[in-house]
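Quick note on labels: first sequence line is chain A, next is B, and so on, each numbered from 1. Hydrogens, waters and symmetry mates play no part in the numbers below; they use all other heavy atoms, side chains included.
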Number of protein chains: 2
Amino acid sequence: MFSIGQLSRHASVKVPTIRYYEDMGLLAAAGRTEGNQRRYGAAQLEQLRFIKHARDLGFPLEAISALINLQDHPDRSCSEAKELAQAQLHTVRQKIKRLTALEAELKRIHDGCSGDGRSGDCYVLASLADHGFCTTDH
Amino acid sequence: MFSIGQLSRHASVKVPTIRYYEDMGLLAAAGRTEGNQRRYGAAQLEQLRFIKHARDLGFPLEAISALINLQDHPDRSCSEAKELAQAQLHTVRQKIKRLTALEAELKRIHDGCSGDGRSGDCYVLASLADHGFCTTDH
DNA sequence: CCTTGAACCTCTAGTCACTAGAGATACTAG
DNA sequence: CTAGTATCTCTAGTGACTAGAGGTTCAAGG
């Protein structure tokens, strides 16, 4: 049996976050001691690690909730799980695409400024003021 | 003179967002008609476009505020502007790095699942449950 | 058994950058 | 003058936590 602090250390998830997950219905409500403190078992540690791993991969809590639901029904088809993974992959790819364009633009803006001039002549500020300097969409 | 709606259309920034920027002190408070409606001039359109452009590049409002400050003091050195651009570039690169690792992991997880099995045997769910399947850090 | 101090409890509010909606007032075209 | 759109302020909600107040419980040492 773990206290919430021990669970926290074992799963690398902060204590208030564990309570938050419980509130959100992602983690089954823990049993309590006589003094009203939460006590957890191995199953809940596993569950929390699952959530943590999915969060680290960027899945929103709503998707994680759906994945947990599937876990609880091992006879259901896993097509939904695959779709959720695909959606997340798509989201990540979109973000990479956008950020890569931003990176190019920011590099150009940054490199165009010597850093020792007057801000009245600053290429950073001029670039931000006038979209015409840009070489990519964003 | 523009109404807030016209300003919104010219700068591609939503009306409530303009009011929010005013509240946050990023956009100078507009003059008002007798009936208390905001009226804007060309300078404010330019200012709003500056903010919009910086936001599109991912600068946080706080950094934008600092950049506006520099704009208003053309004789100050532009080193701060360069630093802010560099910080933003760094942030973007970090995000790309992390997302690229996630993409690889998600692709592996996604491709490992046929989508027509039972969720009890699903590779997506198994991967999320057990970090040991992973090939990168995250 | 008793004390001390860390860990725990609940609850509210704050973060960031908006977005949504209610209810009231102002402007503008016909 | 009227109808309909645009505007006003204010509050609350988003996602995924984080911080803090004020109080209670636990575990170890004496």
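Heavy atoms of B:R19 sit under 4.0 angstrom from at least one base atom. Among the heavy atoms of the strands lying under 4.0 Å from A:Y21 are primed sugar atoms or P, OP1, OP2 only; no base atom is included.
Remark: P of D:dT14 and CG of A:L61 are 13 Å apart, rounded to the nearest angstrom. Taking atom CZ of B:R38 as the reference point, atom P of C:dC27 lies 14 Å away to the nearest angstrom. Protein atom CE of A:M24 is 13 Å distant from nucleotide atom P of D:dG13, rounded to whole Å. Residue B:L26 contributes atom CG, which lies 9 Å from atom P of C:dA17 at whole-angstrom precision. The interatomic distance linking B:E62 (CD) with C:dT15 (P) rounds to 11 Å, in whole Å. If you take CD1 of B:I18 and C1' of D:dT7, they are 12 Å apart, rounded to a whole angstrom. The distance between atom CG of B:D56 and atom C1' of C:dC18, rounded to the nearest whole Å, is 14 Å. Regarding A:K52, its NZ atom lies at a distance of 13 Å from the C1' atom of D:dC17, rounded to whole Å.
Not one side-chain nitrogen or oxygen of A:R55 sits closer than 4.0 Å to the OP1 or OP2 atom of D:dG15. Between B:T33 and C:dA26 there is no side-chain N or O to OP1 or OP2 distance below 4.0 Å. Taking 4.0 angstrom as the limit, B:K14 places none of its side-chain polar atoms (N or O) nearer than this to OP1 or OP2 of C:dC18. Residue A:R32 places at least one side-chain N or O under 4.0 Å from the OP1 or OP2 atom of C:dT10.
Heavy-atom nearest nucleotides on DNA chain D were determined for A:G58 and for B:V15, and the one closer to the 5' end corresponds to B:V15. Looking at which nucleotide of DNA chain C each of B:E34 and B:F59 is closest to, the 5′-most match is held by B:F59. Taking for each of A:R39 and A:T17 the nucleotide of DNA chain D with the nearest heavy atom, the 5'-most of the two is the partner of A:T17.
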For A:Y40 and A:M1, run side-chain contact (heavy atoms from CB on, under 4.5 Å): C-alpha distance rounded to whole Å, both residues' side-chain angles, the deciding distance at 0.1 Å, then the answer. CA-CA 5 Å; A:Y40 298 92; A:M1 284 299 210; over 6 Å; no
Walk me through it: do B:R39 and B:Q37 pass the test side-chain hydrogen bond (donor to acceptor under 3.5 Å, both in side chains)? CA-CA 7 Å; B:R39 286 299 116 105; B:Q37 297 194 356; 3.1 Å; yes
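Ion pairing between a basic and an acidic side chain is recognised when a charged N comes within 4.0 Å of a carboxylate O; A:R19 and A:D23 show no such pairing. Between A:R108 and A:E105 there is a salt bridge, with a side-chain nitrogen of the basic residue lying less than 4.0 Å from a carboxylate oxygen of the acidic one.
The side chain of B:Y20 has C:dA17 as its nearest neighbour among C:dA17, D:dA6, D:dT25.
Surrounding CD of A:E62 are at most 12 heavy atoms belonging to other residues, nucleotides or ligands under 6.0 Å away.
Screening B:Y20, B:Y21, B:F50 for a side-chain contact (heavy atoms from CB on, under 4.5 Å) involving B:L26 leaves a single residue, B:Y21. Just one of B:K95, B:Q88, B:R93 meets the side chain to side chain donor-acceptor pair (under 3.5 Å) condition when paired with A:E103; it is B:R93.
By the criterion of side-chain heavy atoms lying less than 4.5 angstrom apart, applied directly or through intervening Ile, Leu, Val, Met, Phe, Trp or Tyr residues, A:Y123 is not grouped with A:L128; the two fall into different hydrophobic clusters.
Contacts with DNA chain D (heavy atom under 4.0 Å) in residues 3-13 of chain B: B:S3, B:I4, B:G5, listed by number.
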